[in-house]
Undergrad: 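One structure, as structure tokens, below. Some questions next.
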There are 2 protein chains.
Amino acid sequence: MRKRRSTQADVAALAHVSPAIVSLVINGHMDGNVRISAQTRQRVWDAIRELGYVANPVARKLAGSQNRLLGVFTYQAIFPLEYHDFYYPFLIGIEEEAQAQDYDLLLFTRPTTNGKRSIYKEGINSLQMADGALLLGVYQGPDEITQLMQEGYPFVYVGRRDIPGMNIPYVAADYVAATVQVVEYMHSLGHRRIAYLSKQDRIPYEAHYDRQSGYLLAHQRLEMVLDERLLIACDLEAITPALLQQYLSLGVTALLFEDISYAHKLLNVTKQMGMSVPHDLSFALLGDPLNETQHLTGMTGFSIPRREMGKEAVHLLINLLQGNNSLKGQQLTLPCTFMKGNTVMPPTHL
Amino acid sequence: MRKRRSTQADVAALAHVSPAIVSLVINGHMDGNVRISAQTRQRVWDAIRELGYVANPVARKLAGSQNRLLGVFTYQAIFPLEYHDFYYPFLIGIEEEAQAQDYDLLLFTRPTTNGKRSIYKEGINSLQMADGALLLGVYQGPDEITQLMQEGYPFVYVGRRDIPGMNIPYVAADYVAATVQVVEYMHSLGHRRIAYLSKQDRIPYEAHYDRQSGYLLAHQRLEMVLDERLLIACDLEAITPALLQQYLSLGVTALLFEDISYAHKLLNVTKQMGMSVPHDLSFALLGDPLNETQHLTGMTGFSIPRREMGKEAVHLLINLLQGNNSLKGQQLTLPCTFMKGNTVMPPTHL
DNA sequence: CTGAAAGCGCTTACAG
DNA sequence: CTGAAAGCGCTTACAG
């Protein structure tokens, strides 16, 4: 049995003023030419207290025509166990900045099309519920994003998204520079033949291209010979002693990969071959070793400024909402931090 | 340049019907005497699609219906680094069940009173934006919860909350039984004098009382002598070799505490005293050792079914929203799982 | 079967 | 300095 809440009108009646006055008093609008006598104020506050009046935030938002709601959308569950350590810092940053800027967060968790999440449900943009949205996580191809852009819905992608002809707002990590740094580090220790393993059959996407660019760029800068055979597209299962042997015979002394699962697999395979890491072969992850690798601490790689990225994405989105549409600054790239680790040492088999 | 969001009126105009019809079509009200021709429906849906119309949840809520939004409220940040491992499983459960039941999640992150979060801001219940809410985390005393109950706002607390005269819906972990189990385990190994250290100056709260009840209950069941001197209220700083020595001289062979920080402190102190755990003194945590204790793996304690609790809380809340107000089943207590660990062994100093 | 209207509880110009 | 009114975008009786 919910008792009816008292409303602004009740207060107004009790205080013998119009509802508008109540609103003004509550919101402290004593600015400009709106001036309300101290006496009236007092009457209003007394009435409010007597009735235990509390403004209805929903009505408030409707009248104010903005709901201070920022959407957060991911194609998969936002809180999956597998990506625990990966997503978390983004969320920390997002929450921090949302709180600082006085926005609430709307998490889109409702399945839309046949049990899966998608932005558009029967052609309708379900994000509309929020003022704007942050998109993060797995990339599903450009379709929905393109539509979102065309529609003019304000959003920011966490991670670089590049669709030709479009200026997609994003906050990304600088994988190019970070990769260059890893290669340079290896080079400085004496490595000259560095192989780069990557997944074969995934949707090609920006984060991969950027690392590859970094790899190429570093070779150019360091005047290392670029051997295309060292750019290896192979899935996890394809990694065998035979394969590895083949690359070793090409003079490879160090390995680069994008996913931590490769480290585990490679560790197994090298062990089978009687080799030890990094003594016989150096490794580096072109990504964040995180803490998840309990069996593999001290991996050489780089840390991704995920928390910062979350904060900046919120910041950028709010700018967008406020109509700061200058194309400049809609795309932000933050630097990664090189992590020396202990899986790289000078090559011994030269 | 944001184009204006299209509204129900726009759709109505395009479809050549009245706004009311649009509302009825969207909400699928084909029940009762409201019958709308398939043709009209089609026109409405076409218009909706063409305009990309999505109902404004705020307006919807104001007009008196639900918007399939479940609030999540915590007094502190939801995603703090310190409570990373603690909160996460709750959120996983909450998201899972929300998704399964087709609800979105609204995270309240807006600071309300002077930079801090509170449910009521100047008397305003900010949770109103959502159909109902899940409350979790640190307890701030009964005030706001009492108000929430009186107001009739639907919510479920994750964790037991007991306010005299009120039937607060919650989903809790069974700390009583779990504590009994820990004491029984110690007893079975030969411990007869088990001290219980707890913080001194915190707000007394249910989770603490429940553990204490378990401690007392176990003593009763096992016919152990209850020595009140073994119920020790002391803060972390108060733990010194002198203090510990004092309890050892009372014949204490095992220690219980509620917070992992006590384990670290006690480990230091015992080390100073030249004792080793568990050989000279057994330890158990009346809580979840989690994984956070990298320096302290294998702590004896119990795991809290956090993910399940999250799921059940959502389930219960939705029940409440649907008007299932039977008092029964509004309070759910889930069992914990004893974790044997390796910080308890038979007492040697007898 | 469908339309016109009132109302949800606020805020914000706009008049006095 | 204060009041009357329109409007935010919906839903739900109530008439036809």
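Chain letters run A, B, ... following the sequence lines, proteins first, then strands; residues in each count from 1.
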Undergrad: Is the backbone of B:Ala15 close enough, under 3.5 Å, to the side chain of B:Arg43 for a donor and an acceptor to pair up by distance?
TA: yes
Undergrad: So, OP1 or OP2 of C:dT2: does either fall under 4.0 Å of a side-chain N or O from B:Ser37?
TA: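 True: B:Ser37 side-chain N/O within range (under 4.0 Å) of C:dT2 OP1/OP2.
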Undergrad: Please give, in whole Å, the distance from C:dC1 C1' to B:Arg41 CZ?
TA: 11 Å
Undergrad: For B:Phe108, give me all partners under ring pair (Phe, Tyr, Trp, His ring centres under 6.0 Å), at least two apart in sequence or on another chain.
TA: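 With sequence neighbours excluded, B:Phe108 shows a ring pair (Phe, Tyr, Trp, His ring centres under 6.0 Å) to no residue whatsoever.
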Undergrad: In this structure, how many angstroms lie between the P atom of C:dA4 and the CG atom of B:Leu24, rounded?
TA: 14 Å
Undergrad: In this structure, how many angstroms lie between the P atom of D:dG9 and the OH atom of B:Tyr53, rounded?
TA: 10 Å
Undergrad: If you check every side-chain atom of B:Val17, which of C:dC10, C:dG3, D:dC10 has the closest atom?
TA: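 Of the options given, the side chain of B:Val17 lies nearest C:dG3.
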Undergrad: Dot-bracket for DNA chain C: what is it, with Watson-Crick or G-U pairs under 3.5 Å, [ ] where a pair crosses earlier ones, and | for a pair to another strand?
TA: |||.||||||||.|||
Undergrad: Sequence neighbours excluded, which residues qualify as side chain to side chain donor-acceptor pair (under 3.5 Å) partners of A:Glu50?
TA: none
Undergrad: In whole Å, I'd like the distance from the CG atom of A:Leu62 to the C1' atom of D:dG7.
TA: 10 Å
Undergrad: Atom NE2 of B:His16 and atom P of C:dT2: how far apart are they, to the nearest Å?
TA: 15 Å
Undergrad: Considering only C:dG9, C:dT2, D:dT2, which nucleotide approaches the side chain of A:Ile21 most closely?
TA: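 Taking heavy atoms from C-beta onward, the closest nucleotide is D:dT2.
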Undergrad: In whole angstrom, give the distance that lies between atom CD1 of B:Ile26 and atom C1' of D:dT11.
TA: 11 Å
Undergrad: Passes ring-ring contact (aromatic ring centres under 6.0 Å, His included), A:Tyr87 versus A:Phe79? Steps please.
TA: CA-CA 8 Å; A:Tyr87 276 140; A:Phe79 305 118; 8.9 Å; no
Undergrad: Can you check whether B:Thr40 has a side-chain N or O nearer than 4.0 Å to OP1 or OP2 of C:dT2?
TA: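 So the side-chain polar atoms of B:Thr40 do come within 4.0 Å of the phosphate oxygens OP1 or OP2 of C:dT2, strictly under.
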Undergrad: Quick one: is B:Gln39 getting a side-chain N or O under 4.0 Å of the C:dC1 phosphate, OP1 or OP2?
TA: no
Undergrad: In whole angstroms, how far is the P atom of D:dT11 from the CG atom of B:Asp131?
TA: 13 Å
Undergrad: Could you tell me how far apart A:Arg43 (CZ) and D:dT2 (P) are, to the nearest whole angstrom?
TA: 8 Å
Undergrad: Does the ring of A:Tyr170 carry A:Arg161 above it, NZ/CZ under 6.0 angstrom from centre and within 45° of its axis?
TA: no
Undergrad: Select one nucleotide: of C:dG9, D:dC10, D:dT12, the one nearest the side-chain heavy atoms of B:Ala63.
TA: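 Comparing C:dG9, D:dC10, D:dT12 against the side chain of B:Ala63, the answer is D:dC10.
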Undergrad: Side-chain N or O of B:Arg60 versus OP1/OP2 of D:dG9: is the shortest distance under 4.0 Å?
TA: no
Undergrad: Assess whether atom CZ of A:Arg160 is packed by more than 12 heavy atoms of other residues, nucleotides or ligands within 6.0 Å.
TA: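 Yes, CZ of A:Arg160 has more than 12 neighbouring heavy atoms, counting only those of other groups under 6.0 Å.
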